[in-house]
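Step one of this worksheet: look at the structure below.
Keep in mind that the numbers below use all heavy atoms, side chains included, and drop hydrogens, waters and symmetry copies. Residue numbering restarts at 1 for every chain, and letters A, B, ... go by the order of the sequence lines. The shown structure was predicted, so the numbers you read here are calculated from the model rather than taken from an experiment.
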Protein chains: 2
Amino acid sequence: MKSAPPEPARLSGIVVELSAAIAAVTDESPKILMVRPPDTAARAGLPCGPFDPTGHRTLEEGLRTWVNEQTGLALGYVEQLYTFGNKFRDPEERAGGPRPLSVGYLALLRQTEVKSSAKADWVDFYRYFPWEDGRKGAPAILDSLILPRLAAWRDETKGPEKQRRRDRILLAFGTEGASWDNERVLERYELLYEAGLVFEASFDSGQKVEPNLVAAQMVTGAALTKDHRRILATALGRLRAKIKYRPVIFELMPPTFTLFQLQRAVEALAGGPLHKQNFRRLVANEGLVEPTGHMSAQTGGRPAELFRFRREVVHERPAPGVRLPVRVRKS
Amino acid sequence: MKSAPPEPARLSGIVVELSAAIAAVTDESPKILMVRPPDTAARAGLPCGPFDPTGHRTLEEGLRTWVNEQTGLALGYVEQLYTFGNKFRDPEERAGGPRPLSVGYLALLRQTEVKSSAKADWVDFYRYFPWEDGRKGAPAILDSLILPRLAAWRDETKGPEKQRRRDRILLAFGTEGASWDNERVLERYELLYEAGLVFEASFDSGQKVEPNLVAAQMVTGAALTKDHRRILATALGRLRAKIKYRPVIFELMPPTFTLFQLQRAVEALAGGPLHKQNFRRLVANEGLVEPTGHMSAQTGGRPAELFRFRREVVHERPAPGVRLPVRVRKS
DNA sequence: CCTATATATGCTCATAGTAAGCACAATTAT
DNA sequence: ATAATTGTGCTTACTATGAGCATATATAGG
């Protein structure tokens, strides 16, 4: 075993897959592109395909090729997220299939480029993570179901393990006076998974779970195939982090927009309400946008000025981004 | 081609390698663990080994196993960085070898655990990135060599490509009034690579370069095998980002330490000087440390109080970290 | 002992950024 | 006309940050 050289024969049991969480914001709602399952019994999943070592010069190029073939889309902004390689992340592995690694990517698409297709749908992010949408106050599902269930899961154990579980819940969900960090999407999903509160957990383990847990799983968001919901959680967490220090939000906006549209887009991703006046001041002070001089087609109130993104900011400031003046979450 | 199913035969030409940038801080100098090359003609590299899909349950477990076998170290803090898969990242691929992917990791080790071994050495980070060490003012090599060379490389071209190169230089090196962002380690390395200013560039391309460029390469840091310097640049960038919003610096400190030792460790990684009084205020205000009541063995001046890390902070604050009050870089 | 030097620690002050909210303007729906 | 909706300017209190002064306590060397 020690310092054995690579053995191609032993290593051929690996498949490298490229998967993409492709995000857009339409009508103030955050959307993600999902490939429709082959039959109604199966679950939907992210666009993905195998990496081709002879055809693809880079991993990213392979991803772009695959997405283009599967959905017809030409991706713009693309960023590598994480490589997933846990044993049995794909159930087929149990049946003797090769070990599947998946290199996950986050891609952003402008609203204008969004079109439906025969194979893929645009689905609201929060259908998979209903507990992450705090735009209209703390999600009801937290107090009504998730936190009690997590507390029960914590109390299944004793001693140091119980303490560890308490700590993790506290950190992820901001209980016991700790604060809710909107970036900890993955931590929250993984806790729900471990506590058996999402469908994938009971499916992956193959165990029967108690009936009222099954009922609970029906309301903890829609399930995805394999570990794609985990990949998606990683993507949302990264995206929430990134809009705070890089102007990626503009990858999702049309060429011109009102400040309120911009705010709605940020809120859609961040999952919380923003203070309007402060948001405008922030965006203006950072020099992120410049007025076009035109006014928007009215949308119910006083007409708003149209702005465009100032590409020059990246040269001027070290970390231009929307450092959300998020209102304190009242739980 | 279109939507072709995975073909195991075609895909078997992939090797997945796990590589680790293992960092520590000893004597106020940032160190990285390097595996010694087999002969003096070869270049050193990061500890790494192939991923074993049958033996390793997770990628991270595989990494820990490999590092332990190669260096005898049991890693503590480990974090996945990035997966590298560019064609010909390993020169052996040109000779018909399989396509090598590498999943890069960042690991942190306490000073107390650092011991040399027969196979591996602890090397100062900045031996590979001399332009990143601004602790004693802006590195001389920037003005004397790097920036003029980059300007020449920029001026090789005309029109939009020239503008693109100017923008990239400006963003990465903070020229023309822009500010130096200590996290953009990878962008800087890649610019030097593209401009042919590091040894790996001429080696990888196989071209002869003009003699005075070779001379220049001698002072732009030590070369590493394959693309390991790129992986290392990714690691340093990530580490510099992370210490600002997560208390990872304490993964590198001994159980108790003086505030000045802590400051020196942060400076070593961040690559710039800090304002002492403000640093102390910051660390105290964030509640990152607590006094032990003991005093340090003197180190030349008034004895300092010994502190320890307060593990509880992670529960109290959303993003505890050392938000460096870095002094403005005088170039 | 005295002095230079190095580190440790407490404190001030000016400035910038942030959270919260008041006030008012310009439009549409009823 | 009036309510509702959205846009925009401005104030106020508070907090964080950058810079520096002042002083405390040690060591090293004459």
*asked:* A side-chain contact here means heavy atoms from C-beta on lying under 4.5 Å apart; do B:Pro30 and B:Asp124 qualify?
replied: yes
Find the distance [X]:[atom1] to [N]:[atom2] and express it as a whole number of Å.
{"X": "A:Arg302", "N": "D:dG7", "atom1": "CZ", "atom2": "P", "result": "9 Å"}
{"X": "B:Glu286", "N": "D:dT15", "atom1": "CD", "atom2": "P", "result": "15 Å"}
{"X": "B:Leu274", "N": "C:dT7", "atom1": "CG", "atom2": "C1'", "result": "16 Å"}
{"X": "B:Met295", "N": "D:dA24", "atom1": "CE", "atom2": "P", "result": "15 Å"}
{"X": "A:Asn278", "N": "D:dC14", "atom1": "CG", "atom2": "C1'", "result": "13 Å"}
{"X": "A:Lys244", "N": "C:dG17", "atom1": "NZ", "atom2": "P", "result": "20 Å"}
{"X": "B:Gln263", "N": "C:dT7", "atom1": "CD", "atom2": "C1'", "result": "11 Å"}
{"X": "B:Leu306", "N": "C:dT7", "atom1": "CG", "atom2": "P", "result": "17 Å"}

Minimum-distance nucleotide to [X] side chain [options: [options]]:
{"X": "A:His275", "options": "D:dA19, C:dG21, C:dA25", "value": "C:dG21"}
{"X": "A:Leu282", "options": "D:dA19, C:dT18, C:dA26", "value": "C:dT18"}
{"X": "B:Gln277", "options": "C:dT9, D:dT6, D:dT17", "value": "C:dT9"}

*asked:* Please determine whether side chain to side chain contact (heavy atoms under 4.5 Å, CB included) holds for the pair B:Glu187 and B:Arg168, giving the CA-CA distance in whole Å, both sets of side-chain angles, and the decisive distance to 0.1 Å.
replied: CA-CA 8 Å; B:Glu187 278 110 313; B:Arg168 291 180 58 199; over 6 Å; no
Worksheet entry | Sidechain-backbone polar pair: B:Arg188 side chain, B:Glu132 backbone, donor-acceptor under 3.5 Å | no
Aromatic plane relationship, B:Phe129 with B:Tyr189 - under 30° parallel, 30 to 60° tilted, over 60° perpendicular = perpendicular
- Message: Under 3.5 Å, is there any donor-acceptor pair linking the side chain of A:Arg281 to the base of C:dA19?
- Response: yes
Requested in this report: Check whether the side chain of B:Asn285 and the base of D:dA16 form a donor-acceptor pair under 3.5 Å.
Outcome: no
Step-by-step side chain to side chain contact (heavy atoms under 4.5 Å, CB included) determination, B:Arg310 to B:Val289: CA-CA 5 Å; B:Arg310 277 189 66 235; B:Val289 298; 5.6 Å; no
*Looking at B:Arg280, does any N or O in its side chain come under 4.0 Å of the phosphate oxygens OP1/OP2 on C:dT9?*
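So the side chain of B:Arg280 is within the cut-off, an N or O lying under 4.0 Å from OP1 or OP2 of C:dT9.
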query: So, is A:Lys276 near the phosphate of D:dG7, with a side-chain N or O under 4.0 Å from OP1 or OP2?
result: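 True: A:Lys276 side-chain N/O within range (under 4.0 Å) of D:dG7 OP1/OP2.
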